[in-house]
There are 4 protein chains.
Amino acid sequence: MAKNQSSVPDTSRRSERSRRAIYDAALALVAEVGYPKTTIEGIASRAGVGKQTIYRWWPSKADVLLEAFLDLSGQAAEAAGQEPYTIPDTGDLAADLKNVLRATVDELSNPAFEAPSRALAAEGVVNEELGRRFVAQLLEPQLQLYVDRLRAAQETGKVRPDIDPRIALELFVSPLAQRWLQYTGPITYEYTDTLVDYALHGLAPR
Amino acid sequence: MAKNQSSVPDTSRRSERSRRAIYDAALALVAEVGYPKTTIEGIASRAGVGKQTIYRWWPSKADVLLEAFLDLSGQAAEAAGQEPYTIPDTGDLAADLKNVLRATVDELSNPAFEAPSRALAAEGVVNEELGRRFVAQLLEPQLQLYVDRLRAAQETGKVRPDIDPRIALELFVSPLAQRWLQYTGPITYEYTDTLVDYALHGLAPR
Amino acid sequence: MAKNQSSVPDTSRRSERSRRAIYDAALALVAEVGYPKTTIEGIASRAGVGKQTIYRWWPSKADVLLEAFLDLSGQAAEAAGQEPYTIPDTGDLAADLKNVLRATVDELSNPAFEAPSRALAAEGVVNEELGRRFVAQLLEPQLQLYVDRLRAAQETGKVRPDIDPRIALELFVSPLAQRWLQYTGPITYEYTDTLVDYALHGLAPR
Amino acid sequence: MAKNQSSVPDTSRRSERSRRAIYDAALALVAEVGYPKTTIEGIASRAGVGKQTIYRWWPSKADVLLEAFLDLSGQAAEAAGQEPYTIPDTGDLAADLKNVLRATVDELSNPAFEAPSRALAAEGVVNEELGRRFVAQLLEPQLQLYVDRLRAAQETGKVRPDIDPRIALELFVSPLAQRWLQYTGPITYEYTDTLVDYALHGLAPR
DNA sequence: GGATAACCGAGACGGTACGTCTAGTCTTAAG
DNA sequence: CTTAAGACTAGACGTACCGTCTCGGTTATCC
């Protein structure tokens, strides 16, 4: 059996209690004082933990927050008692998409999610490695649900068969994302409904 | 006319040489070491300027960079010898949009623009006030060009009259923006061409 | 005129108020919690000063304390209204020496001097460079007074002319120093009187 | 007889191998990097021992070193094949003392002894309790040898009978000690010879 | 054209946080 | 129960920047 490299922390001895306390403190601080004023020292002291315990397990503030947020999302999903989760399929694609987007609008204004996810998104813009992890672990799994729903629609002929669903979904998801990220416009149910209509039927007359 | 409040700097005495040196230093540093490692002290020392000269004229690092970038963009536009700028109208809407988006793809990979604009975008995600200024001064004027082109297309019946152009443009602009900001997918001419096609003709069969 | 080296602090701008506050804090802390528990952070915070202000002007805790103590000694000497100071010469060498040593015994038990001078002595034992400065700036000037007095005694025939006064003084000064430094024995007037007698007349019968 | 309190380590189970490794590591580190940079962690890791094993048996770094040094001195004495040890008595007191002091001069410049004994002396200056133990266990036994030799000299009339030998020895031992501890002067055979002469015959003319 | 503001470069100041290191305690697994 | 290993809380280390301040030394208007 291989020995541990001397410089690699021994995960088996890791304190679960500290890990949880750090997640909680990080999320709370980001919500309360914002990401830039959230400091490692602040997290440590709020969590009742030595700074070294943070530096031992995470390379940066952003990584702490990413893990904390993943954990939070995981919990939230569990709490909702959901299996892998899918977008409902009532047969009416437009209605189904509008519903999901309306739910997303609600979620984007939930302050518990807003502060950390904005912080992570911002960090990801400037830190490619973290950005890609953010996308792979949080965003892409959600986008995949749209892929699935669009593929189902293709099978029933509601979406043209030559369409690439991974690109198609961006027609309504990305506009919402950009308005949220960059404050380029208001975010309302009406707006997302419109996006779905435009995307499904196109801008050109028929 | 009222006298200057003692705490309000007298713009007329401002050193143009220092202002330029600060812009140059800020842009160079962001490109070289990244936004988070760009410090006011670093900018001052690189520009051969006292720190106070920066604090006198700008409230924050982000503001320095925003102004420096606006200045840079202004110069670039001037250098291109352009009047206010418009999207060409050859009568073929799809082709025109594809061309502009292809140009945007090129610009997004220009390293001189990438570092500072990513930095500003990231800061804007987390700092609403700056974000709105970034959008109002840089992004929105460019989006307006699409609004104009789409309105022209509506007049010639190439776009349905009930379409809101400000929303419509997001169908192809936002996906590109999101891929660039969040690394959610590759950015190619083929991709942007596809976006235009999907947006104009919709996902649903006709 | 030569310019400042860029890395050398500009003494002319130094804050006298901070310097004094640092001296006071350092001496107070050494007296209250002992040298090892006296920290740079503690001194800074007690003095109401940034840590960097200490690091800017002194290379180590020991140097701060040495300067603070020199300052204190300087003040004390001034307060005593003394000219350069000499050992009185009443013509009775033994009596003069006993008097000075008795005064030294008193001083050694003065708590205001004891804590910092012990700390500096200890540091000097293990840090030769500091030790030599401690000796050159504090100890040797005092020993020189004995040299002068002994030389005067040689001129009046009270001390043999072949004696080296710098060594001779150690016969009574060093034993006292050692008892104080190393707790090798009690320190009393009787003890120092005895040292003078032994040193002047020798151990061997005449 | 009562059982061991749970908090009192059971000496009988103590690992001899660890004890020795700790002594060796402590002495080596003090010699190599100096006392202040010698840390408990460093000793433990160098000795291949858990930190707790050190904390279980010694209350502080200084205590480890004191014991290690006592052990080393014990070994050295044994290696020299000496019984309790005495100062030789050739009948010529001055010569005998000069010889012993010359040997001490040699020992003081032995680097194997110098680093730890300086460290302990320094610690003892500032930590009375340890200082007293250092003196009682290491210094006083050696000084006692001078007491014995001086008493023998008193019996043969070479030293005045009213002299207190414990004080008398300080006339030549303490000056050497002070020069060594505080770098107040060079340490040579000539110097120690001079000390003996001055001490025996006094400074005053006869 | 001399006075007098406000600028300017420079950099010291009181602070906060960084990331590292060590102290001394506690936990785990092996013997 | 001791041991090696090492994670834990705590807090000092010395550094880097923050944003404010003061210092002389130019400008650049205004009387």
Side-chain angles (χ1 to χ4, degrees), chain A residues 3-4 6 8-15 17-18 37-42 44-45 47-57 59-61, chain B residues 4 6 8-15 17-18 21 37-42 44-45 47-57 59-61, chain C residues 3-4 6 8-15 17-18 21 37-42 44-45 47-57 59-61, chain D residues 4 6 9-15 17-18 21 37-42 44-45 47-57 59-61:
Chain A
K3 288 183 181 178
N4 258 324
S6 71
V8 173
D10 179 350
T11 302
S12 71
R13 303 206 172 173
R14 184 163 182 183
S15 160
R17 144 191 283 272
S18 295
K37 290 197 183 171
T38 297
T39 65
I40 300 264
E41 284 200 347
S45 116
V49 138
K51 282 203 285 177
Q52 199 54 48
T53 299
I54 298 183
Y55 285 109
R56 183 154 34 231
W57 303 110
S60 74
K61 178 171 77 163
Chain B
N4 257 325
S6 70
V8 173
D10 177 352
T11 303
S12 71
R13 303 205 174 189
R14 185 166 182 181
S15 158
R17 146 192 281 272
S18 294
K37 290 196 182 173
T38 296
T39 64
I40 300 264
E41 290 204 339
S45 120
V49 136
K51 283 202 290 177
Q52 198 54 45
T53 301
I54 299 183
Y55 284 110
R56 186 158 24 235
W57 302 110
S60 76
K61 176 170 77 161
Chain C
K3 288 182 182 180
N4 258 324
S6 72
V8 173
D10 179 350
T11 303
S12 70
R13 302 205 173 180
R14 185 163 182 182
S15 160
R17 147 191 280 272
S18 294
K37 290 196 181 170
T38 296
T39 65
I40 300 263
E41 284 201 346
S45 117
V49 138
K51 282 203 285 177
Q52 200 54 47
T53 298
I54 299 184
Y55 286 110
R56 185 156 30 230
W57 302 110
S60 73
K61 178 172 74 161
Chain D
N4 257 325
S6 70
D10 177 351
T11 303
S12 71
R13 302 211 177 187
R14 182 165 183 183
S15 159
R17 143 191 281 272
S18 294
K37 290 195 180 170
T38 297
T39 63
I40 300 264
E41 289 204 338
S45 117
V49 136
K51 284 203 290 178
Q52 200 54 44
T53 302
I54 298 183
Y55 284 110
R56 185 158 25 236
W57 302 110
S60 75
K61 178 172 76 161

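Keep in mind that this is a model prediction, so the values were computed, not measured. Below, chain A is the first sequence line, B the second, and so on; all start at residue 1.
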- For A:Arg14 and for B:Ser60, find the nucleotide of DNA chain F with the closest heavy atom, then tell me which residue's nucleotide is more 5'. A:Arg14
- For B:Ala21 and B:Ala47, work out which heavy atoms get closest and say how close. O-CB, 3.5 Å
Anything under 3.5 Å between a protein N or O and an N or O of nucleotides 25-29 of chain F, put it in a table, one pair a line.
none

- For A:Lys61, the salt bridge (charged side-chain N to carboxylate O under 4.0 Å, His left out) test, sequence neighbours excluded, returns none
- Query: Sequence neighbours excluded, which residues qualify as side chain to side chain donor-acceptor pair (under 3.5 Å) partners of A:Ser45?
  - Reply: none
Short N/O separations, protein against nucleotides 14-19 of chain E, under 3.5 angstrom:
from   : atom 1 : to      : atom 2 : distance (Å)
E:dG14 : OP1    : C:Ser18 : OG     : 2.8
E:dG14 : OP2    : C:Gly50 : N      : 3.4
E:dG14 : OP2    : C:Thr53 : OG1    : 2.7
E:dC18 : OP1    : A:Ile40 : N      : 2.9
E:dC18 : OP2    : A:Ile40 : N      : 3.3
E:dC18 : OP2    : A:Glu41 : N      : 2.9
E:dG19 : OP2    : A:Tyr55 : OH     : 2.8
E:dG19 : N7     : A:Lys51 : NZ     : 2.9
E:dG19 : O6     : A:Lys51 : NZ     : 2.6

- Item | Residues which pass salt bridge (charged side-chain N to carboxylate O under 4.0 Å, His left out) with A:Arg17, listed by chain and number, not counting sequence neighbours | none
- Of all residues at least two apart in sequence or in a different chain, which pass the side-chain contact (heavy atoms from CB on, under 4.5 Å) check with A:Arg56? A:Pro9, A:Gln52, A:Thr53
- Task: Return the set of residues passing side-chain contact (heavy atoms from CB on, under 4.5 Å) with B:Ala44 (not counting sequence neighbours), or none when no residue passes.
- Result: B:Val49, B:Lys51, B:Ile54
- Across all chains, not counting sequence neighbours, the side chain to side chain donor-acceptor pair (under 3.5 Å) partners of C:Ser18 are C:Ser15
- Spacing between B:Trp57 atom CH2 and E:dC8 atom C1', to the nearest angstrom: 11 Å
- Query: In chain order, what residues pass the salt bridge (charged side-chain N to carboxylate O under 4.0 Å, His left out) check against A:Arg14, with sequence neighbours excluded?
  - Reply: none
